[in-house]
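Worksheet for the structure shown next.
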Amino acid sequence: MGSLALGFQEIEKTQLLLVGGKGLNLGKLSKIQGIHVPEGFCVTTAGYQKAIEHNETFQALLNQLTMLKVEDRDQIGEISRKIRQMIMEAEIPSDVVKSVADYLSKYGDEHAYAVRSSATAEDLPYASFAGQQDTYLNIIGKEAILQHIRKCWASLYTDRAVIYRMQNGFDHRKVNISVIVQRMVFPQASGILFTADPITSNRKLLSIDASFGLGEALVSGLVSADCYKVQEQKIVDKMIATKKLAIYARKEGGTATVPIEPDQQKSQTLTDEQILQLAHIGRQIEAYFGCPQDIEWCLVDETFYIVQSRPITTLFPIPEANDHENHVYVSVGHQQMMTDPMKPLGLSFFLLTTPAPMRKAGGRLFVDVTGQLASTVSRNNLLTVMGQHEPLIKDALMTVVERGDFIKTLPDDKQAPSPNRNNPDMMTQFDNDPSIVTDLIKTSQTSVEELKQNIQTKSGSQVFEFILEDLKELKKILFNPQSSAIIRVAMNASLWINEKMNEWLGEKNAADTLSQSVPNNITSEMGLALMDVADVIRPYPEVIDYLQDVKDENFLEKIVKFEGGEKVRDALITFLDKYGMRCAGEIDITRTRWCEKPITLIPVILVNIKNFEPNASRRKFEEGLQEALKREQELLNRLKQLPDGKQKAKETQRMISIIRNFSGFREYPKYGMINRYFVYKQALLKEAEKLVQECVIHEKEDIYYLTFEELGEVVRTNKLDYQIISKRKDEYKLYEKLTPPRVITSDGEIIAGEYKRENLPAEAIIGLPVSSGVIEGRARVILNMEDADLEDGDILVTPFTDPSWTPLFVSIKGLVTEVGGLMTHGAVIAREYGLPAVVGVENATKLIKDGQRIRVHGTEGFIEIL
């Protein structure tokens, strides 16, 4: 058993399990030259263990607690209360009492001490556990200190600490507690210092909160604090708060809340000189720990004392760069409609596919757009594209550009030539022949079939060489100039229609209705095809009953024993043959595909059975088509009445024809890519099975935590340090909790864009209008497609939708997403299905509650809660 108590100076870097996160950090702080830390010691976890290890009641209660889930609040409360009571009544072992007495006599029995908890799962780089355990200030005398050590031990089992551990996946048995006993200092002022700005995450901007007296007033929210911002040894911002109260230590022990004299309430807590001195100390501590810190400080007689420092766990990591220049990074996830983290294998495949300058951070990909912003020509192109894809990204980039000093602009002779986006000549020269699309689709399909045949013959290292070679073919198809031209021309035709119909006829977003039921849209066809599967199932009540409660992954094998079961199975298999490689977050090759887990589709199929009559898919497509044709005729008739009307109608008809011939193709290149990814994945999983048999990995899915290159090496050598997998699984859990920014700089600053709009209702929730119309209905806030239980007329509210969500679009009447732009997937399909839609709505899933009645203004771009 380790030492029962350790002085701060005696604590070693490896003793986290003995002194907990806070204790370990105090040990490190006390060794930094020039940093003042009030002296003290830790009663180690060995002391706590000694007090409880032979207590059978404690072990029995702990067993009960381990069986509970976060939802069992009442039982958690009851068992936790019993554990706390038991710890308070337990006797502290005599050798622990002796160790405490020895250290108190060393530092002075007569002094006042702060007694603070330090759990082993606390102040860690990926879980702060801040405020989960208790702190007691100004405790005087050995008996009182021992009593408060018990209270700290018991605080490991407050309801909030127990629930926090459950939510973060920590095992109660594996979390221990140490107690810090530290000399009290009696400060004139105290507060918190963040070495990275907690609002913007800018690592170069340091933020200090300061108030009079002890820091407890600030931490508990009793007082407002002054806030000072420091950048590169300069104070760049000061906000002086009205400070009416302060907490001070009492001579006889404990603390008192004291009113501040009126003439002092608005005075600056720290002088400018003190602010800069404290900022310097903050940077020194940050450099020592190697990451941004959240530091608690006190000012006593012109000396700053540091009483705690912990990593700031909420910052999004900065994408890695190999120089010290300024960079601006744009989130790929916000453009690809997948803001979840990707596993290493998924990241490496996407990196192998894209030619863009990509960087990784927090399990996500970012494009380095610094070069594009440096040239006025390419900057304008970038901002135009972002305006269509994600206007909030465009606005954030404009903010960076307008600062003028962050990005160096290239001289004119170094500027890239600009392809003219809205060049009418380019559109006139374009061959408006729909067979171009069918030929491109055929080429892609043939290529995928050849890939499926050829990859069968490869194994071991050959698989990796073969995939690298085939990725060249994928890129050739994906970035085929003819493909890109078709997509661009269709987008430009839509923009042309919207601009001209608004100018000539006062009609907003006219292209939306004209885009309904276009041919060759693989994604919207998929939604309709799943309605057809519902038609096959509908006549068989036994099958429907079976599917209502099915939990078995192998349900397709068992469904055949019911009447109509074989027909149903065949219909589902036909659907999966064409679309089964899709899934939520499909750009990550490691995500589970529909054909790997067909049960995912059952809730959507049941919704279709409930909400539609037979043959609804054909009717839906036909209605959309008729509406588009009717709208076309109506616009052309009105245009002919205008001056020069014949010519205007002729140009317009050509643009409509381009929209209808080509806009459906936009979804196909990604479908082709996902098709190929799935073929690669199946080949790699075969290799993974061999690695499991050879005991190189524990389970097939372990390969997801390796990059493509690393996996190739493991297959070649049959060797792997398994700690790599364990470490990356922990990192992935951390990344899941982070929210990726749309735009982040190399300073770590997160720049948020905003919509600039006037004349909207006061309570309006603002987003981007992407599909016209106004609809009222019940909001269904759905975070996971498998939880879908939609009624006819519902409005889907969700963080983002990629193609896998399309089957739900047939059942809804409107769409609201947190991510997206005019040309992102959800917007394209919403227009094709004629659904009013508003996207890019910050925090939509929090601002709108499931079940609320809302009105979606798809033309103006806002939502009202009714």
Side-chain angles (χ1 to χ4, degrees), residues 5 7-8 19-20 22-23 25-26 29-30 36-43 88 92 96-97 99-119 122 130-156 158 177-192 209-223 225 243-260 269 295-310:
F8 293 162
V19 296
K22 267 198 192 105
N25 287 354
L26 280 169
L29 282 167
S30 65
H36 299 278
V37 177
E39 58 194 6
F41 62 96
C42 290
V43 180
M88 288 304 296
I92 298 181
V96 176
V97 173
S99 292
V100 170
D102 289 347
Y103 276 103
L104 287 175
S105 64
K106 182 179 171 183
Y107 298 129
D109 290 326
E110 73 284 4
H111 291 305
Y113 288 85
V115 182
R116 310 160 80 191
S117 313
S118 175
E122 192 172 34
Q132 295 306 316
Q133 278 80 44
D134 290 346
T135 289
Y136 303 96
L137 298 179
N138 208 23
I139 310 300
I140 301 170
K142 185 182 87 170
E143 288 311 316
I145 286 169
L146 288 168
Q147 181 63 359
H148 284 86
I149 287 170
R150 269 201 202 91
K151 285 186 176 180
C152 285
W153 287 348
S155 75
L156 195 57
T158 59
I177 193 160
S178 157
V179 179
I180 296 163
V181 181
Q182 187 174 24
R183 272 279 298 270
M184 274 293 287
V185 289
F186 299 98
Q188 292 91 31
S190 53
I192 298 163
D209 286 356
S211 63
F212 297 118
L214 291 167
E216 292 312 294
L218 186 58
V219 173
S220 62
L222 193 64
V223 297
K243 300 165 285 289
K244 294 183 177 173
L245 299 169
I247 295 179
Y248 290 103
R250 289 159 40 184
K251 286 266 186 291
E252 64 276 20
T255 59
T257 304
V258 180
I260 292 173
T269 310
I295 299 165
E296 292 173 32
W297 58 269
C298 300
L299 178 65
V300 185
D301 302 329
E302 298 304 308
T303 300
F304 282 107
Y305 285 88
I306 303 301
V307 292
Q308 188 48 257
S309 186
R310 61 172 71 88

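FYI, side chains are in, hydrogens and waters are out, and symmetry mates aren't considered; it's all heavy atoms of this structure.
Under the 3.5 Å distance criterion, the side-chain polar atoms of Asn138 are left unmatched by any main-chain donor or acceptor of Met184. Checking side-chain atoms of Ser118 against main-chain N and O of Ser178 turns up no donor-acceptor pair under 3.5 Å. Gln188 places a side-chain N or O within 3.5 Å of a backbone atom of Asp301 that can act as its donor or acceptor partner. Put simply, the side chain of Ser190 gets close to the backbone of Gly213: a donor and an acceptor are under 3.5 Å apart. For the pair Asp209 (side chain) and Ile192 (backbone), a donor-acceptor distance under 3.5 Å is absent. Formation of a donor-acceptor pair under 3.5 Å by the Tyr103 side chain with backbone atoms of Gly7 is found in this model.
With rounding to the nearest 0.5 Å, the separation of CD in Gln182 from NZ in Lys22 is 10.5 Å. In this structure, NE2 on His148 lies 3.5 Å from CD1 on Ile139, to the nearest 0.5 angstrom. Between atom CZ of residue Phe41 and atom CZ of residue Phe8 there is a gap of 8.5 Å, rounded to the nearest 0.5 Å. Rounding to the nearest 0.5 Å places CD1 of Ile92 at 4.0 Å from CZ of Arg150. In this structure, CG on Leu214 lies 6.0 Å from CG on Leu137, to the nearest 0.5 angstrom. The line from NE2 of His36 to OG of Ser30 is 13.0 Å long, rounded to the nearest 0.5 Å.
The closest side-chain heavy-atom distance from Lys151 to Val115 is not below 4.5 Å. Using a 4.5 Å cut-off on side-chain heavy atoms (C-beta onward), Ile180 and Leu26 make contact. Using a 4.5 Å heavy-atom threshold, the side chains of Tyr107 and Val181 count as separate. Contact annotation: the side chain of Ile295 never approaches that of Phe304 to less than 4.5 Å [non-hydrogen atoms, C-beta and beyond]. Taking 4.5 Å as the limit, some side-chain heavy atom of Tyr136 sits within range of a side-chain heavy atom of Cys152. Using a 4.5 Å heavy-atom threshold, the side chains of Ser117 and Leu156 count as separate. Looking at heavy atoms from C-beta onward, Ser99 lies out of side-chain contact with Val96 at the 4.5 angstrom threshold.
Here the closest heavy-atom approach between residue Ala112 and residue Phe186 is recorded as CB-CZ, 4.0 Å. Contact between Val19 and Cys42 at its shortest, heavy atoms only, is CG1-CB, 4.0 Å. Counting all heavy atoms, side chain and backbone alike, Tyr113 lies closest to Gly108 at OH-O, 2.9 Å. Between Val43 and Ile149, the shortest heavy-atom contact is CG2-CD1, 3.8 Å. Taking every heavy atom of both residues into account, Val307 and Arg116 meet most closely at O-NH1, 2.9 Å.
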Take Lys142 and Asp109, measure what side-chain contact (heavy atoms from CB on, under 4.5 Å) needs, and give me the verdict at the end.
-> CA-CA 7 Å; Lys142 185 182 87 170; Asp109 290 326; 5.8 Å; no
